[in-house]
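Scroll down for the structure; my scribbles are underneath it.
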There are 2 protein chains.
Amino acid sequence: MDVKYKVICEEIAKNIREGLYQDTKKLPTEEELIEQFEVSRNTIRKAIDLLTRKGLVIPIQGSGVFLRSVSMDGAINLEDFHGLTQGFGENHVTTKVNSFKLIEADEKLAQVMQCEKGTPVYFIERLRSVAGVPYVVEYSYYNRELIPYLSEEIVKGSIYQYIREELKKSIGFVDRVITAGILNEHDARELGLTPGEPSLISTNRAFLKSGVIFDYSIDIHNYKETKFLKLSNYL
Amino acid sequence: MDVKYKVICEEIAKNIREGLYQDTKKLPTEEELIEQFEVSRNTIRKAIDLLTRKGLVIPIQGSGVFLRSVSMDGAINLEDFHGLTQGFGENHVTTKVNSFKLIEADEKLAQVMQCEKGTPVYFIERLRSVAGVPYVVEYSYYNRELIPYLSEEIVKGSIYQYIREELKKSIGFVDRVITAGILNEHDARELGLTPGEPSLISTNRAFLKSGVIFDYSIDIHNYKETKFLKLSNYL
DNA sequence: TATAATTTGTCCGTATGTATA
DNA sequence: TTATACATACGGACAAATTAT
């Protein structure tokens, strides 16, 4: 994006990661950021708003914009659904593709994905590990009419990154339902756990900016490893 | 709040609940809302932004602001941490107070709550049921220096509502960590489940607008009943 | 298929209010 | 009390995506 406030948001986020601001534990004032980036106050405020929504900072009226020092290590920030690679660094995440095939949506799947029955859909089962530890078994479905091409090579990496960067499609929003369940034999074996143990489950529908569903997925998480983080503001 | 954009947000949210807009499945255009509420475009856009963050609508450039028709029945919207009563309607939620006492924060609790060791803290254990079904066992700690008075009467209802409406304190933001765990004997008995079964756990720290922690709580949810909802937009 | 109209998105500037230091 | 710093609100101009013509 060459949108100013997003660029500025990224810039400041990078500064935070690199420990600038660590002395004061807060950002420069809006006035200072206006000078620094040579933009209007509104644009700075939109950038700060983005940082706030991502959970990186928290503005306090009359006082300043403070760093929200919450350890995100080994946690999935529910505001960032860019997949695992974003949160853990690409090199720590390994992916084993257990299944990759093209199927036709049956009635039930078609309803969930808001498409016609019979629509061609990629089905993918993956086991993803972080630093060698099994982390999540993912069952995902991609509408081929929206994501026309996937390969085992792509599926081994970050599918979302491929969609954004190669296909140049804009992901718009995601519905996520989080529950706990009981591991079945297959998932337990994949995760190195025992059937009957708990699992942390995330069921997701991802929409393009135009409002159509391109991905439906069920993520069975290793409950010993997974933490979801929700850093929210009072609305 | 008599802040314009929040009032307008509430008004529109009410309209949505009451099924106005159900024919078109979208809101009136910004232009129409400007006329209707007699405010500036910015103010309307801030109201829509709020509705978007709450997961009620989704704006699509060039097309309109569409209703996000996700069933929130029996689900906890992670954007609304007003406690249970908000999501389920006051009359369906019943509360059993298992413990209510004033203690002093030990070192560990003091660190989590960012207060001095020895700070007086209310400790409360509650079982909350929805429509008669055990829903969650809550263990919560309230800093008495910030919440100077609590009673068993108050604790039987919505504590957050009391803080907002009676104490007139503004809740600023909340950190929430969601995990899955294994039920111990006590929690299982309370929830009408069996020890060893899964639980869906939410560990929370709530801050006032000034940035201080007033509440730390651990919620052990009935995994058969609880769904967390996260309706997010791509940031 | 191409153009125009509609509708939301970005960006600028200014003024005033409110909470904190 | 005063100054600082974020919050609310108004106004205008142009861009970008979608929809209608």
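Hydrogens, waters and symmetry mates play no part in the numbers below; they use all other heavy atoms, side chains included. All values derive from a computational prediction rather than experimental measurement. Naming: A, B, ... by sequence-line order, numbering from 1 per chain.
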Heavy-atom contacts under 4.0 Å between residues 23-31 of chain B and DNA chain C, which residues?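 Here the set is B:T29, B:E30.
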Are B:Y5 and D:dT8 close enough that a side-chain N or O sits under 4.0 Å from OP1 or OP2?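 B:Y5 to D:dT8 OP1/OP2: side-chain N or O found under 4.0 Å.
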So, for A:F100 and A:Y122, is the gap between ring centers shorter than 6.0 Å?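 So the answer is yes for these two rings.
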Between B:F207 and B:F214, ring centroids under 6.0 Å: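 No, the ring of B:F207 stays outside the 6.0 Å limit from the ring of B:F214, centre to centre.
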Considering Watson-Crick and G-U wobble pairs with both distances under 3.5 Å, what does D:dC14 pair with?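 The answer is C:dG9, by the H-bond criterion.
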Is there a Watson-Crick or G-U wobble partner for C:dT1 with both distances under 3.5 Å, and which nucleotide is it?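 When the pairing criteria are applied, nothing turns out to pair with C:dT1, so the answer is none.
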Show me the donor-acceptor pairs, under 3.5 Å and distance only, between side chains in residues 145-154 of chain B and residues at least two apart or in other chains.
{"from": "B:S151", "atom 1": "OG", "to": "B:E153", "atom 2": "N", "distance (Å)": "3.4"}
{"from": "B:S151", "atom 1": "OG", "to": "B:I154", "atom 2": "N", "distance (Å)": "3.2"}

Take the protein atom [atom1] of [X] and the nucleotide atom [atom2] of [N], then report the distance between them rounded to whole Å.
{"X": "A:K4", "N": "D:dA13", "atom1": "NZ", "atom2": "P", "answer": "18 Å"}
{"X": "B:F37", "N": "D:dC10", "atom1": "CZ", "atom2": "C1'", "answer": "18 Å"}
{"X": "B:E32", "N": "C:dT7", "atom1": "CD", "atom2": "P", "answer": "7 Å"}
{"X": "A:I34", "N": "D:dA7", "atom1": "CD1", "atom2": "C1'", "answer": "14 Å"}
{"X": "A:F173", "N": "C:dT8", "atom1": "CZ", "atom2": "P", "answer": "15 Å"}

In plain terms, say whether B:E79 and B:K230 are close enough for a salt bridge, that is, a side-chain N and a carboxylate O under 4.0 Å apart.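 Looking at B:K230 together with B:E79, the answer is yes, because their closest N to O distance falls below 4.0 Å.
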Before accepting this row, confirm whether a basic side-chain N of the pair A:D49/A:R45 lies closer than 4.0 Å to the acidic partner's carboxylate O.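 No salt bridge links A:D49 with A:R45.
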List for me each residue that meets side chain to side chain donor-acceptor pair (under 3.5 Å) alongside B:E138, sequence neighbours excluded, and say none if there are none.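 B:R126.
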From CA spacing to verdict: side chain to side chain donor-acceptor pair (under 3.5 Å), B:S202, B:N204: CA-CA 6 Å; B:S202 175; B:N204 320 301; 2.6 Å; yes
Strand-adjacent residues in residues 39-49 of chain B, judged by heavy atoms under 4.0 Å from DNA chain D: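 Nucleic-acid contacts, sorted: B:V39, B:S40, B:R41, B:N42, B:T43, B:K46.
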Under 3.5 Å donor-acceptor pairs involving side-chain atoms of residues 13-28 of chain B, not counting sequence neighbours:
{"from": "B:N15", "atom 1": "ND2", "to": "B:Y21", "atom 2": "OH", "distance (Å)": "3.0"}
{"from": "B:Q22", "atom 1": "OE1", "to": "B:K25", "atom 2": "NZ", "distance (Å)": "2.9"}
{"from": "B:T24", "atom 1": "OG1", "to": "B:K26", "atom 2": "N", "distance (Å)": "3.3"}
{"from": "B:T24", "atom 1": "OG1", "to": "B:K26", "atom 2": "O", "distance (Å)": "3.0"}
{"from": "B:K26", "atom 1": "NZ", "to": "B:S63", "atom 2": "O", "distance (Å)": "2.9"}

Where A:C9 and A:L50 come nearest, the two heavy atoms and their spacing: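 In this case the closest contact between A:C9 and A:L50 is SG-CB, 3.8 Å.
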Please report the shortest heavy-atom distance between A:D215 and A:S140, naming the atom on each side.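 That would be OD1-CB, 3.9 Å.
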Hey, mind stepping through B:D175 and A:R68 against salt bridge (Lys or Arg N to Asp or Glu O under 4.0 Å) and telling me if it holds? CA-CA 10 Å; B:D175 292 350; A:R68 197 165 182 173; 3.1 Å; yes
Interface polar pairs with nucleotides 15-21 of chain D, N/O, under 3.5 angstrom:
{"from": "D:dA16", "atom 1": "N3", "to": "B:Q61", "atom 2": "NE2", "distance (Å)": "3.1"}

